[in-house]
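Written below as structure tokens is the structure these notes are about.
Keep in mind that what you see is a predicted model, and the values were worked out from it rather than measured. For reference, positions follow the sequence shown, starting with 1. Order of listing sets the numbers, starting from 1, for every ligand and every atom in it.
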Amino acid sequence: MRRIGVLTSGGDAPGMNAAVRAVVRKAIYHGLEVVGFRRGYHGLVYGEYSFMQLGSVADIIHRGGTVLLTARAPEFLEPEGRQKALGIIRESGIDALVVIGGDGSFRGAMALEKAGFPAVGIPGTIDNDIDRTDYSVGFDTAVNNATDAINKVRDTATSHERVYVMEVMGRTAGHIALAAGLAGGAESILVPEVPFDLDEVCERLQRGVKRGKLHSIILVAEGAASGLKVAEEIKERTEMDTRVTILGHLQRGGTPTAFDRMLASRLGAAAVDLLLSGCHGQMVGFVDNTVKSTTFSEALAKQKPFPEDLYRLATILAI
Ligand code: F6P
């Protein structure tokens with residue numbers, strides 16, 4: 001192996017820059033050349049790439065977003081787009097590709113593998129919805145962003161004795177909602193993985209008022225329900241003063257936490273090691289505090305299990 005490529009794809013995640021830095025520096029350390037593709041698979045299809053040096057990744061470890069830019073590239077899903085990408089791969093002279101992204105990005109990597117080109121993956125998504133890794137790069141920062149927002153909303157919620165419905169991201173998964181809800185002490189957490197009953201949520205709110213609670217926070221994962229609708233229902237059923245905050249892309253921005261930077265650095269280096277050892281078609285993950293690799297097909301085979309014990313704990317503590 002002489003030259004590898006790297007790209008970030010799908011929704012950006014804080015810590016992707018630290019992962020790019022680790023891939024570039026670890027590869028150069030081992031005498032490899034590195035080509036960075038811009039805008040994810042779009043760069044692969046349209047030939048947007050350049051050689052990366054040690055200095056190309058200087059001063060980025062603490063920055064959110066991705067210096068390689070990212071995109072969701074529909075062209076690559078078409079056979080014609082993939083053929084063009086394989087042509088660009090040949091032109092760039094890379095022997096393998098490191099893909100940093102979520103499940104859609106890994107499906108793209110699998111398509112390259114199927115066409116006979118070696119690829120490895122680094123899980124990078126705030127949703128933390130990829131199986132076979134306890135954490136994906138960006139999740140910890142997003143959870144911290146959401147928890148910080150809960151703290152702030154709590155101040156004004158108390159002053160006005162209000163109910164706040166806060167909607168968080170996560171696509172079809174409730175991992176961000178659970179982690180931020182537990183860390184932020186939310187009264188109820190609504191996630192797609194666990195059926196919920198709004199009457200129960202309202203009863204819980206009313207019990208809280210009876211024992212003197214000045215405010216309540218209901219955390220709603222976007223995949224479970226619309227925060228606006230939940231707030232409307234609560235207002236109608238309880239007549240409590242209710243407001244909504246949709247955190248949106250605020251969760252995805254900002255400086256990555258130390259945890260995300262360390263995770264990204266370890267996984268970036270491990271991805272290069274994996275390629276150097278002759279392995280590909282795999283994702284590097286973090287399981288029980290250790291870096292472990294698993295095949296793309298295993299990682300994508302099923303939905304990541306939801307930590308129901310943590311969910312129960314959050315419910316008990318918010319009694
Ligand atoms: O997958 C990351 C994520 O932020 C999801 O949580 C969210 O549903 C989606 O991306 C938003 O996508 P976009 O940035 O394209 O609006």
Side-chain angles (χ1 to χ4, degrees), residues 7-20 38-43 63-77 99-109 121-150 165-181 183-184 186 189-193 219-230 244-257 260 263-264 267 283 285 296 299-300 303-304 306-307:
L7 59 81
T8 51
S9 153
D12 66 339
M16 276 184 165
N17 279 331
V20 172
R38 285 157 70 87
R39 302 188 178 85
Y41 290 101
H42 176 98
R63 291 183 205 278
T66 161
V67 292
L68 286 178
L69 309 181
T70 186
R72 307 189 201 274
E75 313 88 320
F76 187 74
L77 299 176
V99 173
I100 305 168
D103 55 353
S105 312
F106 289 172
R107 286 203 179 87
I122 299 174
T125 164
I126 62 163
D127 302 336
N128 205 26
D129 57 350
I130 299 179
D131 197 18
R132 304 294 182 115
T133 183
D134 294 342
Y135 299 103
S136 56
V137 172
F139 172 67
D140 187 61
T141 307
V143 168
N144 275 282
N145 286 342
T147 307
D148 194 37
I150 295 173
V165 175
M166 299 184 70
E167 185 188 299
V168 294
M169 280 185 165
R171 206 179 285 275
T172 55
H175 299 283
I176 298 177
L178 172 57
I189 305 171
L190 310 187
V191 292
E193 293 86 347
L219 211 61
V220 181
E222 64 176 351
S226 138
L228 282 167
K229 288 234 168 72
V230 170
V244 192
T245 303
I246 298 174
L247 291 187
H249 292 82
L250 274 180
Q251 292 156 95
R252 244 168 51 188
T255 187
T257 59
D260 269 332
L263 177 69
L267 296 185
M283 165 196 95
F296 283 131
L300 297 176
Q303 203 186 344
K304 181 177 184 147
F306 188 71

Notebook entry, point to check: Is there a side-chain contact between Val168 and Val220, using heavy atoms and a 4.5 Å cut-off?
Noted result: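 When only atoms from C-beta onward are counted, Val220 and Val168 do not touch, as no gap falls below 4.5 Å.
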
Item checked: Full working for side chain to side chain contact (heavy atoms under 4.5 Å, CB included) between Tyr135 and Asp260 -> CA-CA 9 Å; Tyr135 299 103; Asp260 269 332; over 6 Å; no

Margin query: Under 3.5 Å between any N/O of Met169 and any N/O of ligand 1: does that happen in this structure?
Written below: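 Between Met169 and ligand 1 (N or O atoms, distance only) the closest approach is not under 3.5 Å.
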
Checklist line | Residue portion contacting ligand 1 (non-hydrogen atoms closer than 4.0 Å) for Ile126 | finding: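 Under 4.0 Å from ligand 1, Ile126 contributes side-chain atoms alone.
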
To the nearest 0.1 Å, how far is [atom] from its closest protein heavy atom, and which atom is that?
atom	answer
atom 10 (O) of ligand 1	Arg252 NH1, 3.1 Å
atom 16 (O) of ligand 1	His249 NE2, 3.2 Å
atom 1 (O) of ligand 1	Asp127 OD2, 2.7 Å
atom 12 (O) of ligand 1	Arg72 NH2, 2.9 Å
atom 9 (C) of ligand 1	Arg171 NH2, 3.7 Å

Notebook entry, point to check: Judged by non-hydrogen atoms, does Gly170 sit under 4.0 Å from ligand 1?
Noted result: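 Gly170: in contact with ligand 1 (<4.0 Å).
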
Notebook entry, point to check: In chain order, what residues pass the side-chain hydrogen bond (donor to acceptor under 3.5 Å, both in side chains) check against Arg252, with sequence neighbours excluded?
Noted result: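 Checked Arg252 against side-chain hydrogen bond (donor to acceptor under 3.5 Å, both in side chains); matches are Asp12.
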
Check: Mind checking what makes ring-ring contact (aromatic ring centres under 6.0 Å, His included) contact with Tyr41, not counting sequence neighbours?
Finding: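 In terms of ring-ring contact (aromatic ring centres under 6.0 Å, His included), with neighbours along the sequence ignored, Tyr41 is linked to Phe76.
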
Item checked: Basic-acidic side-chain contact under 4.0 Å: Lys304, Asp129 ->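 Looking at Lys304 and Asp129, the cut-off is not met.
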
Margin query: Suppose I only count heavy atoms of Glu222 and a 4.0 Å limit; which atoms of ligand 1 are within that range?
Written below: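 Within the 4.0 Å cut-off of Glu222, ligand 1 contributes 5 (C), 6 (O), 7 (C), 8 (O).
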
Check: What heavy-atom pair brings Met283 and Arg132 nearest, and what distance separates the two atoms?
Finding: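 Answer, listing the atom of Met283 first, then Arg132: CE-O, 3.6 Å.
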
Notebook entry, point to check: How far apart are the C-alpha atoms of Ile150 and Met166, what are their side-chain angles, what is the distance that settles it, and do they pass the side chain to side chain contact (heavy atoms under 4.5 Å, CB included) test?
Noted result: CA-CA 8 Å; Ile150 295 173; Met166 299 184 70; 3.9 Å; yes

